[in-house]
Structure formats: structure tokens, C-alpha cells
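To find a chain, count down the sequence lines: A is the first, B the second, and so on, and within it residues start at 1.
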There are 2 protein chains.
Amino acid sequence: MARVTIIDIARESGKSYTTVSRALSDHPRISIETKVLIRATATRLGYSPNMMAKGLVQKRTQTIGLIATELSNPVRSELIEALRRQVHASGYQLLVSGYQDEDELSSRIRDMAGRQVDGLIIGKITGVVEKKDFWPALEAALKQDIAVVTFSNATSVCVDCLCIDYVAMARKLTEHFIRKHGFRNIWYLGVDRNTIRQRGYFAAMQAAGLESAKRLFLLPAQDMQTARDAIGDLLQHESKPQAILCHNDITAIGVMNGLRQCGYSVPEDIAVAGIDNHQISSFFNPALTTAGVASERVAGAMMKLLEARLGHNHQSPAVAVHLPFETYYRESCGCCCANEEE
Amino acid sequence: MARVTIIDIARESGKSYTTVSRALSDHPRISIETKVLIRATATRLGYSPNMMAKGLVQKRTQTIGLIATELSNPVRSELIEALRRQVHASGYQLLVSGYQDEDELSSRIRDMAGRQVDGLIIGKITGVVEKKDFWPALEAALKQDIAVVTFSNATSVCVDCLCIDYVAMARKLTEHFIRKHGFRNIWYLGVDRNTIRQRGYFAAMQAAGLESAKRLFLLPAQDMQTARDAIGDLLQHESKPQAILCHNDITAIGVMNGLRQCGYSVPEDIAVAGIDNHQISSFFNPALTTAGVASERVAGAMMKLLEARLGHNHQSPAVAVHLPFETYYRESCGCCCANEEE
DNA sequence: CTGAAAGCGCTTACAG
DNA sequence: CTGAAAGCGCTTACAG
């Protein structure tokens with residue numbers, strides 16, 4: 001059986017379907033009585049508007065698209081959930097799509113544009129947006145009046161960017177290891193060769209005159225298992241460091257588990273820090289030292305950026321918003337529970 | 001500037017837009033040459049089909065809707081992510097929507113129906129679907145040919161259900177506490193008065209002749225903080241139990257953190273178990289004893305159920321699939337690391 | 001305040 | 001093998 005349409009409501013209420021459409025969208029020049037009548041029959045019939053038809057004519061779908069990497073990272077889930085809440089609160093739905101390599105982005109963007117999303121969030125972009133392979137697809141989306149915001153380390157003259165300074169986080173945590181705890185043999189455990197955040201580690205090590213900057217890379221998949229296994233392997237061949245800065249909290253949790261399996265205790269034998277500040281990190285045993293910006297903050301800033309553009313002012317110049325991060329010194333680096341300053 | 005449409009491609013390639021449409025959808029009666037020509041100009045122009053228009057005429061949107069509770073629970077995130085992968089692999093997008101109380105469900109279902117989803121997954125339903133307040137809305141969706149599957153404890157003659165036996169999990173874990181470890185004073189820490197899984201706890205306690213079945217309820221919000229604070233409060237007023245079965249892994253992690261703050265160690269002073277088997281539970285310190293079915297399993301079973309219906313056989317009788325669960329005896333109950341049998 | 005008509009961008013019988 | 005026409009369910013000028 002077919003859906004109930006405005007035609008059904010029109011027939012039922014003895015009005016034209018034009019009037020029905022207007023009554024339902026609360027058009028000012030429709031009498032109160034007809035509005036009441038039409039709304040009543042609409043709910044009686046269990047009517048809900050066909051968003052496909054509506055979207056086709058209005059060119060707005062009340063949908064925000066999100067294209068991001070690392071979807072299976074719990075921290076990403078936290079952000080997506082926060083975003084969903086924001087987006088729902090503003091009357092939109094969130095459509096999430098993932099990608100592995102940047103060359104998939106073009107088709108993902110086109111898909112989203114084909115679904116006529118009103119806004120588009122593209123996640124974990126580093127570098128100049130206009131120089132990327134996906135720029136043509138993104139430009140088409142912009143011409144189509146889609147509001148776009150990228151994160152977390154992009155630069156652009158055309159597109160708003162929400163910037164999160166992972167490099168500074170890595171640097172600050174490394175400096176904390178060095179200055180507060182006096183560590184000199186510190187590892188950086190990254191997930192791939194290109195991570196930008198390792199630069200912060202190198203900078204801090206170099207500034208402290210620590211040459212022996214050892215860095216070790218896991219292969220892509222950034223899950224806990226990989227990190228646990230990797231640290232186990234490493235410690236069989238190399239002498240232990242005093243501290244390990246991990247690519248993120250998930251890696252850090254894997255590493256702490258691996259260290260425990262090897263008989264090392266954190267932070268007594270080896271100190272550990274992560275990056276992200278996932279909710280669970282403060283509940284872990286030992287509580288994880290980390291840095292990050294709260295997902296609600298990120299989601300809120302994104303929605304703010306998006307809503308400014310959704311108001312159709314595509315003319316105003318692109319902005320870059322830099323979100324300040326917090327550092328959390330907890331047990332895993334050797335600090336006490338309290339969030340003491342460096 | 002406007003999007004490129006099939007009209008643009010038709011003009012560019014000197015064909016009618018009917019032919020363009022057919023060439024793009026690989027219609028058999030279009031010559032290879034025109035197909036090649038048209039596809040070439042389509043990609044040259046950066047064409048991507050308007051899914052609104054397509055959806056309007058075809059009544060299919062390549063979208064699966066998910067309506068669920070507890071969206072901010074990391075276990076739910078894990079499931080959603082697994083589902084998204086499944087759904088993408090089958091060529092669909094996933095649209096996720098949340099709800100707090102069951103009376104919101106009707107409007108959520110109508111929203112999804114209005115967005116013309118091809119399939120709909122409705123999460124955490126307990127009881128007879130046909131007796132629910134949202135049944136009229138769901139019935140309308142079914143009449144509209146939307147494939148529907150519910151989880152996790154529903155019964156229905158019209159709708160497929162994916163069943164996960166949380167009661168049995170609670171029972172099995174409680175029995176494990178009793179038989180394997182000889183505990184007699186066991187608490188059940190639930191998140192609300194109506195959770196079905198507490199029944200398994202009661203059953204096990206009763207069967208063992210343990211009358212003093214103490215149960216304590218947290219208020220709604222089922223996050224780690226609440227659980228941590230609650231256990232702290234409780235232990236100030238009552239003498240400690242030997243073991244605590246928690247509503248889920250997240251609650252259990254909060255509880256373990258709270259116990260640590262109070263100076264108790266797990267499992268030496270108090271044993272703890274959760275339910276869900278979130279990825280992180282096996283990495284926790286101590287590793288958490290828990291039970292659950294892997295998210296990929298659940299997602300796979302859902303997609304299977306859905307795809308059977310998406311093939312338009314709405315006639316075949318509704319099925320109920322019961323997913324077997326696994327139990328993981330780890331450190332937090334006093335078992336060793338190995339997954340020993342009860 | 002209300003209605004008839006055109007049109008959004010596609011697909012799909014119906015003809016040729 | 002290809003095209004002209006109707007129609008999916010809405011909204012929105014344009015008339016009245």
C-alpha cells in the first residue's frame with residue numbers, strides 16, 4: 001500500500017493540495033481554521049512528508065554529511081555522537097561516510113553532493129585544501145551551495161577549517177616528560193610515517209638537546225591489539241625507554257596492556273602518555289596522561305561554523321578556528337591524580 | 001551555480017536525456033558506443049546523480065535507517081560502526097537516529113519513513129511489537145514496503161527480530177560467581193528499574209538459595225561517572241559485597257574505578273563482571289569478566305535479515321534469530337587470564 | 001485567503 | 001537502438 005500524500009489529505013479535507021502544502025508549512029496567508037482542519041486530518045491519516053519530493057524542489061534536505069577517517073576509533077565515535085546531537089538539535093540528520101585513503105574522497109564528496117546534503121564536514125585533512133586531488137569535487141559541492149567545514153589541520157581560502165593542534169599536544173606532553181620527570185630516553189610510538197603530530201615530539205626532543213630521538217612505527221591499523229603486540233616485540237629487541245608518547249589514547253591503552261604483559265608497570269618502569277583524552281582514559285588503571293579537546297567543544301564549533309554558512313552567506317571569507325586543547329597529567333606519566341600544572 | 005544534470009550531459013553529447021539516463025544505468029538496449037560516449041562526458045562534467053530525484057521516482061534511496069537508544073554508549077558505537085561497514089558494503093548509506101523514551105519512537109519512525117529509507121533497524125525493543133505505542137507508525141512503514149528488523153528482545157508476527165539473550169548472560173555470570181568462586185553476597189548494579197537482564201541475576205540467586213539478593217539502581221544516565229560515584233556512595237553506607245554484576249561493561253569500568261578510589265582492589269576485595277564485551281574490556285586492568293556477542297556478528301545478522309526483506313519478499317513470515325553469546329572469564333572475577341570454562 | 005499550473009531531476013512504459 | 005511524454009510528491013510564483 002502506498003504512503004499517504006498531500007493529495008490524500010486534500011481529498012479528505014476538501015481543500016486543494018496547494019492549500020494543504022501551505023497549511024502544513026505554516027504559510028502566513030492560510031486561515032487558522034483551515035490550518036487546524038488540515039493538520040488534524042494529516043495526523044489522523046498518519047501523514048509524514050516525502051522528503052525526496054521536498055528535497056527535489058527545495059534543494060535542501062535537512063541533512064549534514066560527515067566524511068571522516070578512523071571511524072572505528074572510539075574517540076571518533078565520541079565526536080560523531082556529539083556531532084549527531086548538535087546536528088539533531090538544529091533539525092538536521094547526520095549522514096556518516098568513511099574513507100581510508102584520500103583518493104577515495106572525491107567520490108565520497110560527490111556521493112554526498114548527490115544526496116544533496118546541506119552541509120558537509122570533511123575530517124582529518126592536513127595541508128592546503130585547494131591543492132588536494134579532491135578539490136574539484138569539493139569545489140563543485142561549494143558551487144552547489146553546500147556549506148563545508150574541514151578539520152583538523154587544513155588551510156584554505158575557500159573553506160572554513162576547524163584546527164586542532166596535535167603537534168602542540170605532542171610537544172607539550174614530550175616537554176612534560178622531559179622537564180617534570182627528567183626523562184631523556186623517550187619513544188614516540190606512531191601509527192604511520194606521515195603523522196603530523198610526531199613533529200611536536202621531535203621539536204621537544206631537539207630543543208632539550210636529546211639527540212637519541214627514537215621513533216617506532218606501527219603499520220596502519222591503529223587498534224589496541226596492534227599496539228599491544230608491537231610494544232611486546234619491540235621490547236624483546238631493544239632496551240626499554242623511560243617513557244613512551246603514543247599516537248593516541250587507544251594506542252596508549254594497547255601499549256599499557258602490552259607493557260603489563262611483559263611484566264613492566266606503568267608508570268614505575270615506563271611512563272606512558274596518549275593524545276585525545278577519550279572519556280575512558282581517566283578511568284583506566286593507571287589513569288592515562290593525555291591531551292585533547294572535548295568532543296562537545298569540537299562538535300559545537302563545527303556546528304557553529306556550519307550554521308553560519310547554512311544561512312547562505314557563501315560570500316564571506318573562509319575562516320580558520322583554532323581550538324585550544326587541554327592537557328591532563330594523570331597517573332600514567334608519574335603525576336598524581338590531581339590535574340596539576342606542568 | 002547549479003549542479004550538472006542529465007540535461008547537460010544530453011546537450012553535450014548530442015543525445016536525448018532519456019538515452020543519457022539509460023546509458024548511465026547500464027540499460028541493455030543502449031549501444032556500447034553511446035554508453036561510452038555518455039559516460040565519458042558524464043565524468044568529464046563531474047556528474048553525480050541527484051538522489052532526491054532518483055529516490056522520488058524509484059521509491060528507493062539506498063539508505064538504511066537505524067533508530068536506537070544509548071547512542072553514547074561505546075558498545076553501541078561499536079555496533080553502529082560495524083553496521084555502517086556492512087551497510088556500505090551492500091551499497092547503502094546508514095542514517096542514525098536516537099531516542100530516549102519509547103514514546104519518541106513513533107515520530108522517529110515516521111521521520112525515517114518520510115526519508116524513504118529502504119530498511120529500518122529499531123534498537124533495544126523488549127516485548128511484543130504489535131502492542132507498542134509505536135506500532136501504528138511501524139505498520140505504516142511496513143505497508144510502505146520498508147524492510148524492518150528489531151533487536152534485541154522483541155517478539156512479533158510481522159517483523160523480524162534479532163534476539164540477544166541478556167537475561168541468560170546475567171544468569172550465567174551470576175552462576176559463575178556462585179559456583180566457581182563460591183560467592184554468596186553478590187550485588188546487581190543496574191541502571192534502571194526495568195532492565196530485563198536483572199531477571200537472570202535473580203534466577204541464579206534464587207536457584208542457589210541465596211535470599212539476600214541485594215540490588216541497587218542507579219538513575220538513568222548510564223555513564224562511567226555515575227557508576228563510579230554511585231558505588232562510592234553505596235560503600236559508605238553498606239558493608240561490601242563479595243562480587244558485583246554490573247549492567248554493562250561501561251558501568252563495570254566506572255565501578256572498578258570507584259572501588260579503586262575507595263581503596264578496594266578488584267578482584268581480591270570485590271569481584272566485578274560486566275555485560276557486552278566491549279573491545280576495551282579485555283585491555284582493562286584488571287581485564288574485565290563479561291559476556292556478549294561480537295558487534296560484527298550482530299551487524300552481519302542484521303544485514304542478512306534486512307537483505308532478505310529488501311528483496312521485496314514481504315510475504316514470508318517474520319523470523320526471530322537468536323544469537324548465541326560468549327562468556328569471557330578474565331581477571332576481574334578472580335579467574336586467570338585464559339578463557340577457561342566455567 | 002485559496003487554487004491551477006509549472007517545475008525540481010530523474011525513470012520508465014509506450015512508440016517508433 | 002533511441003526519443004517524446006508522463007509522472008514521482010512536493011513547493012512556489014502567478015492569478016484570482
B:A147 and B:L306 have their tightest heavy-atom pair at O-CD1, 3.8 Å
Rounded to whole Å, CE of A:M52 lies from C1' of D:dG7 at a distance of 17 Å
Those residues at least two apart in sequence (or on a different chain) that pass side-chain hydrogen bond (donor to acceptor under 3.5 Å, both in side chains) with A:H322 are none
Review point. Hey, is B:K132 close enough to B:D103 for a salt bridge, meaning N to O under 4.0 Å?
Key: no
Pairs under 3.5 Å (Watson-Crick or G-U), crossing ones as [ ], inter-strand ones as |: DNA chain C comes out as |||.||||||||.|||
Pair B:E12 + B:R44, salt bridge at N-O below 4.0 Å: yes
Exercise. When you compare D:dG16 with D:dT12, how far apart are their C1' atoms, in angstrom units rounded to a whole number?
Worked result: 16 Å
B:K59 has its side chain closest, among C:dA4, D:dC1, D:dC8, to D:dC8
Original post:
Regarding A:T63 and A:Q116, is there a side-chain donor-to-acceptor distance under 3.5 Å anywhere?
Top reply: no
Whole-Å distance, A:L37 CG to C:dT2 P, equals 10 Å
The single option from B:H88, B:M51, B:R84 that satisfies side-chain contact (heavy atoms from CB on, under 4.5 Å) with B:Q93 is B:H88
Contact string for nucleotides 10-16 of chain C, one letter per nucleotide 5' to 3', B = base within protein heavy-atom range under 4.0 Å, S = sugar-phosphate only, - = neither, reads BBBB---
Q) With the threshold set at 4.0 Å, does a side-chain nitrogen-carboxylate oxygen contact exist between B:R39 and B:D26? A) yes
**Asked** Does D:dT2 have OP1 or OP2 sitting under 4.0 Å from an N or O in the side chain of B:S16?
**Response** no
### Task
State whether A:T34 places a side-chain N or O below 4.0 Å from either non-bridging phosphate oxygen (OP1 or OP2) of C:dT2.
yes
Exercise for the section: For the pair A:T69 and A:R76, evaluate side-chain contact (heavy atoms from CB on, under 4.5 Å) and give the outcome as yes or no after the intermediate values. Expected result: CA-CA 8 Å; A:T69 25; A:R76 194 50 48 88; 4.0 Å; yes
